[in-house]
Amino acid sequence: MNAVDAALHRNEPRTGDPQNDLRHDWTRAEIRALFELPFPELIFRAQSVHRLRFDPSKVQLSTLMSIKTGGCPEDCAYCPQSAHNDTGLKASKLVDVEEVMQAAREAKDQGSTRFCMGAAWRSPKDRDMDDLCEIVEGVKAMGLETCMTLGMLTAPQAGRLKTAGLDYYNHNLDTSPEFYPQIITTRTWQDRLDTLAVVRDAGMSVCCGGIVGMGESVDDRVGMVHALATMPTHPESVPINLLVQIAGTPLDGTGRVHPLDFVRTIAVARITMPTSMVRLSAGREDMTDELQALCFIAGANSIFSGERLLTTPNPGEDRDGALFSRLGMSTDVGAGKL
Ligand code: SAM
Ligand code: DTB
Ligand code: SF4
């Protein structure tokens, strides 16, 4: 059997029990074979897998808020918030608890079911933990799912956040282990894995994905998906970001990825991690409706709603509402999980 047939065969739903086709032993060759499938075959496979567990007409909405912006000591080559990158972004301190409550209330009113809070830190300081826990408790009490992304965590910090009611922690691998050192030098791939382990051990759900369009090769996309799909438990949420190019960052001016290659990454993430929410994350502002529709068909079932991501623009309610209406799609807390 050739590699393509093997990949198709091994991903065949085996029985009526949809849990049965979850795999954690994907090889890079199998994932590469999925990336190389004829596009219609890949999309068919992804839709088939998607429909086993989700209603394909439903999308989950999350709202992002930057609770501590800019001045980050890390040197992530894509990021407008790194102090190493001269992007003209004004750095600010951790926002007041009440400001977060206000934004969370508004997000809930707009139909969001998850509130994700991001901080431009290498890691939180212990002196910030009381405020962070108060924020988590307040947002959780509104009936929203809570998510934070604060950089690297120690086990005690993860434990405190979990106790306060944090449901998800976002910490991305961003790319393949091979390409990673060209993107970030101030912390290692292993540092990322260590934090992910600490988050899992604390009992939180993991949100972990990466970025497409940083000049990586197809093999780097394979390596990134492989790292995610071979975790002993797949991340419950897998954000796939399209690089938002920002003047002043080293990645500004990188050759654009072909939109269909972005869709392929979504489809392969869906096939290899069938129960995860696959989030069409950064980059939607510059995407056509047609491209976003293809991403949903390829198995993306979660987006960030609202006018802003952390520091960059996002389509906003009006454009998203019009898109969903045109597509006959609607929003749902669990993306219609079956
Ligand atoms: N400082 C924390 C960290 O890095 O873990 C949390 C915030 S950071 C902004 C969260 C994620 O946003 C990054 O891991 C990266 O995947 C994504 N991101 C940041 N800048 C981006 C950009 N310009 N385009 C696409 N994704 C980006
Ligand atoms: C993720 O993977 N994407 C979101 C979220 N996790 C925190 C962040 C995207 C940030 C895009 C650039 C900005 O707005 O600053
Ligand atoms: Fe800092 Fe996170 Fe941006 Fe990296 S991605 S520079 S860690 S805010």
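Just so you know, ligand 1 is whichever comes first in the structure, and atom 1 is the first atom listed for that ligand. Residue indices begin at 1 and follow the sequence shown. For clarity, every value in this text was computed on a predicted model and none was experimentally measured.
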Which atom pairs, nitrogen or oxygen on both sides, join ligand 2 and the protein at under 3.5 angstrom?
{"residue": "ligand 2", "atom": "2 (O)", "partner": "Asn172", "partner atom": "ND2", "Å": "2.8"}
{"residue": "ligand 2", "atom": "2 (O)", "partner": "Asn241", "partner atom": "ND2", "Å": "2.9"}
{"residue": "ligand 2", "atom": "3 (N)", "partner": "Asn241", "partner atom": "OD1", "Å": "2.9"}
{"residue": "ligand 2", "atom": "6 (N)", "partner": "Asn170", "partner atom": "OD1", "Å": "3.2"}
{"residue": "ligand 2", "atom": "14 (O)", "partner": "Leu310", "partner atom": "N", "Å": "3.0"}
{"residue": "ligand 2", "atom": "14 (O)", "partner": "Thr311", "partner atom": "N", "Å": "2.9"}
{"residue": "ligand 2", "atom": "14 (O)", "partner": "Thr312", "partner atom": "N", "Å": "3.0"}
{"residue": "ligand 2", "atom": "14 (O)", "partner": "Thr312", "partner atom": "OG1", "Å": "2.7"}
{"residue": "ligand 2", "atom": "15 (O)", "partner": "Thr311", "partner atom": "N", "Å": "3.2"}
{"residue": "ligand 2", "atom": "15 (O)", "partner": "Thr311", "partner atom": "OG1", "Å": "2.6"}

Does Asn241 approach ligand 1 within less than 4.0 angstrom via side chain, backbone, both or neither, non-hydrogen atoms only?
-> side chain

Quick one: which ligand 1 atoms are inside 4.0 Å of a heavy atom on Leu242?
-> 25 (C)

Would Ser330 and Lys58 count as having a side-chain donor-acceptor pair, cut-off 3.5 Å?
-> yes

Side chains of Asn85 and Thr249: do they bring a donor and an acceptor to under 3.5 Å?
-> no

Under 4.0 Å from a heavy atom of Thr149: give me the atoms of ligand 1 that qualify, with their elements.
-> 2 (C), 5 (O), 6 (C), 7 (C)

Run the numbers on Tyr78 and Asp174 for side chain to side chain donor-acceptor pair (under 3.5 Å), then give the verdict.
-> CA-CA 10 Å; Tyr78 48 76; Asp174 280 338; 2.4 Å; yes

Salt bridge or not for Arg32 and Asp219, using N-O below 4.0 Å?
-> yes

Do Glu137 and Arg160 sit within salt-bridge range, that is, some charged N less than 4.0 Å from a carboxylate O?
-> no

Carboxylate-amine/guanidinium proximity below 4.0 Å for Glu36 and Arg221 = no

Between Lys68 and ligand 1, which part of the residue brings a heavy atom under 4.0 Å of the ligand: side chain, backbone, both or neither?
-> neither

Got the closest protein heavy atom to atom 24 (N) of ligand 1, with its distance?
-> Val244 N, 2.9 Å

Does Arg187 reach ligand 1 with a nitrogen or oxygen that is under 3.5 Å from one of the ligand's nitrogen or oxygen atoms?
-> no

Mind checking whether Ala119 contacts ligand 1 via backbone (N, CA, C, O), side chain (CB onward), both or neither, at a 4.0 Å heavy-atom cut-off?
-> backbone

Taking NZ, NE, NH1 and NH2 as the nitrogens, is one of them in Arg23 or Glu30 under 4.0 Å from a carboxylate oxygen of the other?
-> yes

Treating Ile, Leu, Val, Met, Phe, Trp and Tyr as nodes and any side-chain heavy-atom pair under 4.5 angstrom as an edge, say whether Met101 and Leu132 lie in one connected cluster.
-> yes

Between Leu310 and ligand 1, which part of the residue brings a heavy atom under 4.0 Å of the ligand: side chain, backbone, both or neither?
-> side chain

Could you go step by step and tell me if Asp126 and Gln157 meet the side chain to side chain donor-acceptor pair (under 3.5 Å) rule?
-> CA-CA 8 Å; Asp126 283 339; Gln157 287 174 333; 3.0 Å; yes

Using the six-membered ring of Phe39, assess whether NZ or CZ of Arg264 lies under 6.0 Å from its centre and within 45 degrees of the ring axis.
-> no

Chi angles and distances behind the salt bridge (charged side-chain N to carboxylate O under 4.0 Å, His left out) call for Glu99, Arg105 = CA-CA 10 Å; Glu99 203 178 315; Arg105 264 189 295 272; over 6 Å; no

Any N/O of Asn170 closer than 3.5 Å to an N/O of ligand 1?
-> no

Verify the distance criterion only: is there a donor paired with an acceptor across the side chains of Thr175 and Glu216 at less than 3.5 Å?
-> no

Does the protein put any heavy atom within less than 4.0 Å of atom 8 (S) of ligand 1?
-> no

Should Asp167 and Lys140 be marked as a salt bridge (charged side-chain N to carboxylate O under 4.0 Å, His left out) after you check the CA-CA gap, both sets of side-chain angles, and the distance that decides it?
-> CA-CA 9 Å; Asp167 298 307; Lys140 183 86 181 160; 2.8 Å; yes

Run the side-chain donor-acceptor check on residues 238-246: report pairs under 3.5 Å with partners two or more places apart or on a different chain.
{"residue": "Asn241", "atom": "OD1", "partner": "Ala282", "partner atom": "N", "Å": "3.0"}
{"residue": "Asn241", "atom": "ND2", "partner": "Gly210", "partner atom": "O", "Å": "3.1"}
{"residue": "Gln245", "atom": "OE1", "partner": "Gly253", "partner atom": "N", "Å": "2.8"}
{"residue": "Gln245", "atom": "NE2", "partner": "Thr254", "partner atom": "O", "Å": "2.8"}

Atom 3 (C) of ligand 1: nearest protein contact (heavy atom, Å) = Arg192 NH2, 3.8 Å

Run through the protein N/O/S atoms less than 2.8 Å from atom 4 (Fe) of ligand 3 and write them out by chain and number.
-> Cys76 SG

Starting from atom 16 (O) of ligand 1, find the nearest protein heavy-atom neighbour and note its residue, name and distance.
-> Asp174 OD1, 2.7 Å

Go through ligand 1 atom by atom and flag the ones less than 4.0 Å from a non-hydrogen atom of Gly151.
-> 2 (C), 5 (O)

Name all pairs fulfilling the salt bridge (Lys or Arg N to Asp or Glu O under 4.0 Å) condition that reach into residues 224-252, sequence neighbours left out, sorted by first residue then second.
-> Arg200-Glu236

Could you tell me whether ligand 1 has any atom less than 4.0 Å away from a heavy atom of Met148?
-> no

Of all the non-hydrogen atoms in the protein, which one sits nearest to atom 13 (C) of ligand 1, and at what distance?
-> Tyr78 OH, 3.7 Å

On the ring face of Trp189, is Arg192 found with NZ or CZ under 6.0 Å from the centre and within 45° of the axis?
-> no

Less than 4.0 Å between atom 3 (Fe) of ligand 3 and some protein heavy atom, yes or no?
-> yes

In terms of atom number and element, which parts of ligand 1 are under 4.0 angstrom from non-hydrogen atoms of Leu243?
-> 24 (N), 25 (C)

OG-CZ distance between Ser305 and Arg284, expressed to the nearest 0.5 angstrom = 8.0 Å

Any idea which protein heavy atom is nearest atom 11 (C) of ligand 1, and the distance to it?
-> Asn172 ND2, 3.7 Å

Side chains of Glu106 and Gln110, donor plus acceptor under 3.5 Å = no

Of the listed options Asp252, Ile211, Val212, closest to atom 26 (N) of ligand 1 (non-hydrogen atoms) = Ile211

According to a 4.5 Å side-chain heavy-atom criterion applied to Ile, Leu, Val, Met, Phe, Trp and Tyr, with indirect links allowed, do Phe262 and Leu260 form part of one hydrophobic cluster?
-> yes

Among non-hydrogen protein atoms, atom 7 (S) of ligand 3 lies closest to Arg187 NH1, 3.2 Å

